[in-house]
Each structure stands twice: as structure tokens, then as C-alpha cells.
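Reviewing the structure listed below.
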Amino acid sequence: MATSSTSAILSWNSSSWLHSFVGPTNEISKLPNKRMPMLVLAQKKAKKTRKIILKQDVTDLGKKGQLVDVKAGYYRNFLLPSGRAQIVTPDLLKEMRIEEERIEAEKKHVKEEAQQLALIFETVGAFKVKRKGGKGGQIFGTVTAQDLVDIIKAQIQRDVDKRIVSLPEIRETGEYIAELKLHPEVTAQVRLNVYAN
């Protein structure tokens with residue numbers, strides 16, 4: 001009995017479903033035999049990309065910390081298993097923004113320190129360099145960047161890397177100007193007085 005009622009419900013449901021599209025069955029025969037144009041709208045295939053942040057430098061994709069769009073399969077099959085990327089979430093974006101602000105503040109602080117150091121170097125005056133002299137103001141040897149670094153450390157107790165020192169070639173006594181590149185945007189000029197003893 002249960003199967004007969006179920007089949008009756010199914011037949012009633014299927015026929016009502018058919019009636020909702022075409023109406024009662026006797027109306028189907030009344031349709032003209034003409035072909036009706038049917039308009040089919042096709043949707044473009046959705047791009048399957050993921051917005052990710054790189055945890056490491058990836059060749060041909062980007063550097064660490066960069067936000068990029070990649071195909072889902074590339075992320076799922078290569079970047080995620082190798083631990084090179086992470087899906088972007090609002091919390092992660094917030095952390096990135098905080099980290100960028102911290103880095104910018106640190107860069108600003110380093111630049112301010114370099115400007116203060118440049119001001120100190122320019123207000124000190126000339127550093128005196130003694131060398132063994134010869135005829136006509138010539139000196140034996142030359143004054144090197146390491147010599148200038150040693151003099152700065154001795155006179156104002158500041159450690160300076162010799163790689164940031166740019167000196168002209170010094171082979172005679174006289175006054176020279178050396179440049180110290182303390183920061184990519186800050187350069188200090190230091191005067192040197194070279195004299196023979």
C-alpha cells in the first residue's frame with residue numbers, strides 16, 4: 001500500500017512539474033509546429049585565482065611579503081606544500097599593514113640617526129692626518145679609507161664602516177673633502193687636512 005501511494009505522489013508530482021512548464025497535456029498538441037528561436041546565454045568561465053602572500057622569494061612570481069594573484073592549482077599543488085605562500089585573510093592583511101608601518105618607522109629612525117651623525121661630522125671641522133713627507137708637498141704612501149675610519153674613531157668615538165667612505169686620491173699635503181654615505185639619502189662631507197711631519 002505504501003508503494004502505490006508513493007507512486008501516485010511521484011506521478012502527481014512529475015505531472016505537475018510538467019504542467020508548470022507546458023500547461024495541461026492537451027495544450028501540448030495545440031502548439032504550432034514552427035521552430036522557435038531559443039536564446040542561450042553562456043557565462044564566461046570564472047577565473048579560479050587565489051590572492052596570496054609570499055612567505056619566500058619565488059622566481060618569476062615575486063618577493064617575500066608581496067601580495068599576488070595565482071591560479072588555484074599552482075597555489076594548491078606547488079606553493080602551499082612547499083610552504084612558500086599563504087592565502088590572504090583579513091587578519092593577515094592587518095598584520096602585514098602593522099609590519100609595514102613598523103618597518104617604515106624603523107627606516108625613518110635610521111635616517112634621522114644618519115642625519116644627526118652627518119651634522120656631527122660637518123660641525124667637527126677638519127680631521128688632521130699626519131704622513132711622512134717628501135719634496136714639494138709629496139707624501140709617502142696614500143691616505144686610505146681605513147686611515148680616515150681610524151681617525152674618526154680616535155677623535156669622536158664613532159664607528160664607521162670603511163665601505164661607506166669615498167676619498168679622492170691623496171698623494172700630497174693639503175685639504176681634501178671625503179664623503180661618507182651614511183644612508184641612501186644622507187651623505188656627510190668630511191674635511192681632511194693632510195700634512196707632512
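Just so you know, these numbers come straight off a predicted model, no measurement behind them. Basis for what follows: all heavy atoms, side chains included, without hydrogens, waters or symmetry-related copies.
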Checklist outcome for this item: Given the options Asp147, Asp161, Asp159, Lys153 meets salt bridge (charged side-chain N to carboxylate O under 4.0 Å, His left out) only with Asp159
Item to check | Contacts of Asp150 that satisfy side chain to side chain donor-acceptor pair (under 3.5 Å) - sequence neighbours left out | outcome: Gln146
Next on the checklist: How long is the straight-line distance from CD1 of Ile177 back to CZ of Arg191, given to the nearest 0.5 Å?
Outcome noted: 7.0 Å
Next on the checklist: I'd like to know if Arg102 pairs up with Glu99 as an ion pair, taking the criterion as any Lys NZ or Arg NE/NH1/NH2 lying under 4.0 Å from an Asp or Glu carboxylate oxygen.
Outcome noted: yes
Checklist entry - Within a strict 4.5 Å, meaning less than it, do heavy atoms of the Phe78 and Arg84 side chains meet? => result yes
Checklist entry - Going through the checks in order, is the side-chain contact (heavy atoms from CB on, under 4.5 Å) test met by Lys94 and Arg97? => result CA-CA 5 Å; Lys94 187 177 180 182; Arg97 194 168 38 253; 4.2 Å; yes
Next on the checklist: Please tell me whether Ile87 and Met96 are part of a single hydrophobic cluster in this structure, the criterion being side-chain heavy atoms less than 4.5 Å apart.
Outcome noted: no
Checklist outcome for this item: Distance col, row Leu93:CG vs Lys51:NZ, nearest 0.5 angstrom, shows 8.5 Å
Checklist entry - What is the distance from atom CD of Gln115 to atom CD of Glu185, rounded to the nearest 0.5 Å? => result 8.5 Å
Donor-acceptor pairs under 3.5 Å, side chain of residues 56-67 to any protein atom, not counting sequence neighbours: which ones?
{"from": "Asp57", "atom 1": "OD1", "to": "Lys64", "atom 2": "N", "distance (Å)": "2.7"}
{"from": "Gln66", "atom 1": "OE1", "to": "Lys63", "atom 2": "N", "distance (Å)": "2.8"}

Checklist entry - Under a 4.5 Å side-chain heavy-atom rule over Ile, Leu, Val, Met, Phe, Trp and Tyr, are Tyr74 and Leu54 clustered together? => result yes
Checklist entry - Which value, rounded to the nearest 0.5 Å, describes the distance between Gln155 atom CD and Lys128 atom NZ? => result 8.5 Å
Checklist entry - Nearest heavy-atom pair of Ala85 and Ile52: which atoms, and what distance? => result CB-CD1, 3.6 Å
Checklist entry - Which distance, rounded to the nearest 0.5 Å, do you find between the CZ of Arg131 and the CZ of Arg171? => result 12.0 Å
Checklist entry - With clusters built from Ile, Leu, Val, Met, Phe, Trp and Tyr whose side-chain heavy atoms come within less than 4.5 Å, directly or transitively, what are the remaining members of the cluster of Tyr176, listed by chain and number? => result Leu117, Ile120, Phe121, Val124, Phe127, Val129, Ile139, Val143, Leu148, Val149, Ile151, Ile152, Ile156, Val160, Ile164, Val165, Leu167, Ile170, Leu180, Leu182, Val190, Leu192, Val194
Checklist outcome for this item: The reported gap from NZ in Lys107 to NZ in Lys111 (rounded to nearest 0.5 angstrom) is 11.5 Å
